[in-house]
Amino acid sequence: MLRKIKLFLSLIFVASVLTVNAQDKPLSLWYTKPAEKWTDALPLGNGRLGAMVFGGVEKERIQFNEETLWTGEPRDYTRPGAAKYLDTIRQLIFAGKQKEAEQLAGEKFMGMRSDEGNRDAWIKTVTSTKLPAGDPAAPGFNDASWKTMPVPSYEGWEAAGFEGLDGAIWMRRTINLPADWQNKEAVLDLNRVRDLDYTYVNGKLIGTTNSTDPRKYNIPADVLRAGRNTIAVLVLNFFDKGGIAGYKDTTRHIGIYTKETGEKAKLSLNGNWKYYVVNDDPPPVPRYQADYQPFGDLWLEFSHKPDEGTYRRSLNISNAEAVTSYTSNGVAYTRKYLVSQPDQAMFIQLETNSPGQLNFTASLSSPHKLSSVKTKDGHTLSLSLKVKNGALKGEALLYVELKGGTVQIKDNKIEVKNADEAVLSLVAATNYKNFKDVSGNPVASTNAQLNAIKAKKFEQVREAHVKEYQKYFDTFSILFQGSSREDLPTDERLAKFSSGGDPSFAALYLQYGRYLLISSSRPGTRPANLQGIWNDLLAPPWGSKYTTNINAEMNYWPAELLNLSPMHQPLFDMIGELSQTGKQTAKAHYNSPGWVLHHNTDLWRGTAPINASNHGIWVTGAAWLCQHLWEHYQFSQDVFFLRNKAYPIMKEAALFFNSFLIKDPVSGYLISTPSNSPEQGGLVAGPTMDHQLIRDLFSNVISASEILNVDKAFHDTLKIKYTQIAPNKIGKYGQLQEWLQDKDDTSNKHRHVSHLWGVHPGSEINWVQTPELMNAARQSLIYRGDEATGWSLGWKINLWARFKDGDHSFKLLQMLLSPVKGGAGSYLNLFDAHPPFQIDGNFGGAAGIGEMLLQSHTGFIDLLPALPLALFNGEVNGIRARGGFELKMKWKNGKLQQVELRSTAGKTCKLRYGGKEISFPTEAGGIYRFDGNLEKK
Ligand code: FUC
């Protein structure tokens with residue numbers, strides 16, 4: 001009876017969810033098979049904890065993250081004395097000596113890397129380590145007890161199941177050679193090895209290389225034998241991808257050939273090689289910035305298989321819950337997964353419709369070398385870890401609660417037998433407190449987190465979770481009508497989207513972008529990094545950190561427009577922290593007041609230039625981030641925020657540029673130098689993008705100081721300087737110049753379209769005020785072409801929307817929403833592929849669809865400014881406009897039918913549609929309705 005009541009109550013609950021959001025059904029990603037790859041798995045998150053659910057039946061993997069687990073430690077990233085070289089670098093650039101400028105900057109101007117370990121000593125140790133069984137290079141060595149790994153591994157042996165393996169590793173194999181190879185000179189071709197190798201044939205050292213050069217080693221005539229020959233390589237991998245990498249082109253094999261017959265008679269050495277880890281603790285490699293880390297994996301094992309055709313896994317983004325369901329021998333099994341913000345934990349409820357039939361084991365593991373799993377009590381496992389080469393430690397607890405059945409823990413594995421239902425709770429924490437302080441206690445934190453939820457029932461935490469999530473998600477809804485493929489699994493929909501039809505898939509994609517932002521950037525957490533909060537790799541691409549010359553900002557393009565303003569807060573918090581560290585960098589590197597940020601930052605809020613000087617010295621990160629503060633004010637009209645949070649930081653950023661800008665000796669304009677147009681063309685004077693960014697910052701600081709009635713003198717200075725900054729220029733090909741000189745290459749297809757910043761996300765170039773520049777910018781984008789990496793497609797979608805070419809914009813959306821085939825597109829879980837996975841494209845794409853429907857960057861609210869044919873029928877509710885407005889719109893056959901506008905700040909509203917403009921005063925809280933001709937209703 002109790003069960004029936006519960007079922008009834010949960011049906012009511014589901015029904016109420018449906019009425020809250022009429023689009024529940026389309027708002028799901030679903031599949032008919034479990035995830036094979038990480039990018040097939042479904043993401044969950046509460047801004048701090050992230051999880052990737054694979055949905056396996058016999059073996060379920062839930063990979064999880066905690067957003068503060070990074071490598072590194074709090075430290076000063078600036079290079080003392082760097083500023084001494086600034087003038088010389090500038091003079092070299094002005095004298096046309098770019099390479100010299102880059103070299104000097106590379107040596108004297110980049111930030112400080114973390115400490116290097118004693119590599120030479122380690123190499124000495126590992127190369128002289130004797131194995132008890134003898135010399136592994138020797139032909140007679142017995143490697144029967146060694147395991148095997150596939151060779152070559154272009155993406156590193158990590159990709160072949162050896163995640164986290166760095167160190168000194170022997171790799172061996174034998175090969176039978178024809179009798180007539182004896183006494184012949186030969187070549188051993190391994191191509192790339194990461195990083196250093198000592199390569200032996202039949203016990204003789206034939207080569208060693210410590211670079212990325214291809215390995216083609218000569219084998220002297222007296223080395224090869226008829227029959228069995230032994231190849232042994234001691235591979236030393238210091239960091240990141242390891243092993244014999246071979247050829248990227250997989251049709252080319254590594255191998256061996258005689259000089260006489262040449263490469264065409266090469267015998268392949270591809271295949272399984274024996275390996276033995278001599279030492280997996282190489283000394284630290286100096287790093288400019290830190291890497292975001294995976295935390296661990298939760299594994300569930302079942303000893304049954306699904307009945308044919310019954311399996312389904314899904315992610316419902318209207319309530320942030322994943323479900324895996326199937327029947328096995330006619331018994332139904334359902335797992336529900338959620339990551340709760342109110343309860344700061346992941347919960348998995350496992351149910352069956354046949355009481356007593358639930359049997360499974362649950363265990364924890366971690367890719368971190370310094371990690372261990374222990375049994376805490378009869379219901380709880382703990383996972384403790386420490387990041388290698390860093391200050392952070394992590395702790396996770398997995399707790400199980402049953403209805404019926406028994407639980408016991410054996411060999412650190414939870415065993416559940418004959419249960420009716422089980423609920424697993426996972427909590428995790430680190431010792432990170434803030435970017436300067438790692439004195440937290442993760443054991444105490446996780447104990448407290450678990451104690452707070454132990455007594456709660458799953459339905460209770462689920463209800464609180466859904467309520468909290470929908471507070472954000474339900475502020476916006478969207479419908480694109482037309483033929484739909486909602487009845488197909490998401491992977492099939494994705495495969496078909498670019499061939500047309502299925503406009504509701506675009507709506508799903510937009511809402512998925514909002515889902516991902518809510519899941520990776522809740523108020524009080526760290527901002528979404530390059531992968532949001534989802535990462536399974538110890539050495540993720542670009543450290544999965546924050547690249548500020550496009551990627552970090554793109555993550556937040558949907559925040560205001562698509563009604564997720566609270567999700568913007570973590571970025572503002574980070575900007576506040578960067579303004580502190582950036583002050584030290586401004587002083588040490590430029591001897592300037594204010595704050596500066598270059599093209600990357602990390603958990604520790606590094607602001608100094610990193611990597612190569614030709615692209616690492618890019619000075620306008622703070623200007624771009626400050627645009628987000630101003631945009632938040634624009635959309636919210638929140639003067640308190642402007643006065644207390646935004647303006648002080650914006651002003652400090654402007655103070656930096658006020659001192660940094662110098663007079664161009666040729667044109668006399670104020671220019672930004674040294675810098676670069678991300679990430680091409682090298683170190684230059686006056687890239688167009690910088691000037692657009694600095695003008696934007698100056699103009700926003702000027703407006704803010706007028707609104708707040710402060711800093712009159714500084715306001716006046718900026719007003720003068722604003723007019724002296726080098727202007728946008730149209731070049732000889734009708735293009736918008738990317739650089740100060742008219743030197744654009746019209747065949748340049750580079751992914752960055754930095755000089756179009758003024759079109760989007762900036763606004764100084766637009767059809768109303770600067771139509772010539774708008775045309776030139778459009779021409780530049782035509783030259784750049786459509787093909788691009790994921791985030792670059794995301795940017796171009798927004799740009800074509802600003803050019804008011806909805807169809808072109810949609811075409812790029814179709815490219816972004818295509819299955820990954822080597823290039824850009826989307827993975828099966830609709831994560832954006834740069835490739836590899838980078839979340840920015842998801843956010844850029846979502847915002848771009850919004851820009852097709854509404855733009856408000858020129859003082860007017862433009863309704864349906866770039867509506868593509870493919871989205872000719874639809875409605876949106878909750879889209880936001882600058883000035884403090886929220887809109888509800890319906891359109892049919894490409895024509896606006898009705899619009900309802902809510903004013904949140906009581907400002908005058910200017911609407912524009914179909915060549916008609918209207919302007920009217922509003923009252924805060926007022927609602928204003930119009931028909932498709934902007935006539936009042
Ligand atoms: C910038 C881009 C790359 C990549 C990286 C994270 O450096 O140029 O394409 O997105 O950031």
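Only a predicted model underlies this, so the values are computations on that prediction, with no experimental measurement involved. Both counts, for ligands and for their atoms, begin at 1 and track the order of listing.
Scanning all protein heavy atoms for the shortest distance to atom 10 (O) of ligand 1 gives W791 NE1, 2.8 Å. The closest protein non-hydrogen atom to atom 1 (C) of ligand 1 is E679 OE2, 2.9 Å. Scanning the protein for heavy atoms near atom 8 (O) of ligand 1, the closest one is H752 NE2, 2.6 Å.
Residue-to-ligand polar distances place R751 within reach of ligand 1: an N/O pair is separated by less than 3.5 Å. For the pair N551 and ligand 1, the shortest N or O to N or O distance falls below 3.5 Å. Ligand 1 has no nitrogen or oxygen under 3.5 angstrom from a nitrogen or oxygen of N549.
With ring centers used as reference points, H752 lies under 6.0 Å from W791. Here the two rings, on W557 and H760, have centers that are under 6.0 Å apart.
Here the side chains of H632 and Q569 are in contact, with some heavy-atom distance below 4.5 Å.
Across every non-hydrogen atom of A653 and C626, the tightest pair is CB-SG, 3.8 Å.
Between the choices H615, H834, Q838, the shortest heavy-atom distance to atom 3 (C) of ligand 1 belongs to H834.
With sequence neighbours excluded, the residues forming a ring-ring contact (aromatic ring centres under 6.0 Å, His included) with F109 are H589, Y590, listed by chain and number.
Listed by first then second residue, pairs satisfying salt bridge (Lys or Arg N to Asp or Glu O under 4.0 Å) with a partner in residues 808-824 read D786-K811, not counting sequence neighbours.
Near L530, meaning under 4.0 Å from any of its heavy atoms, are these atoms of ligand 1: 6 (C).
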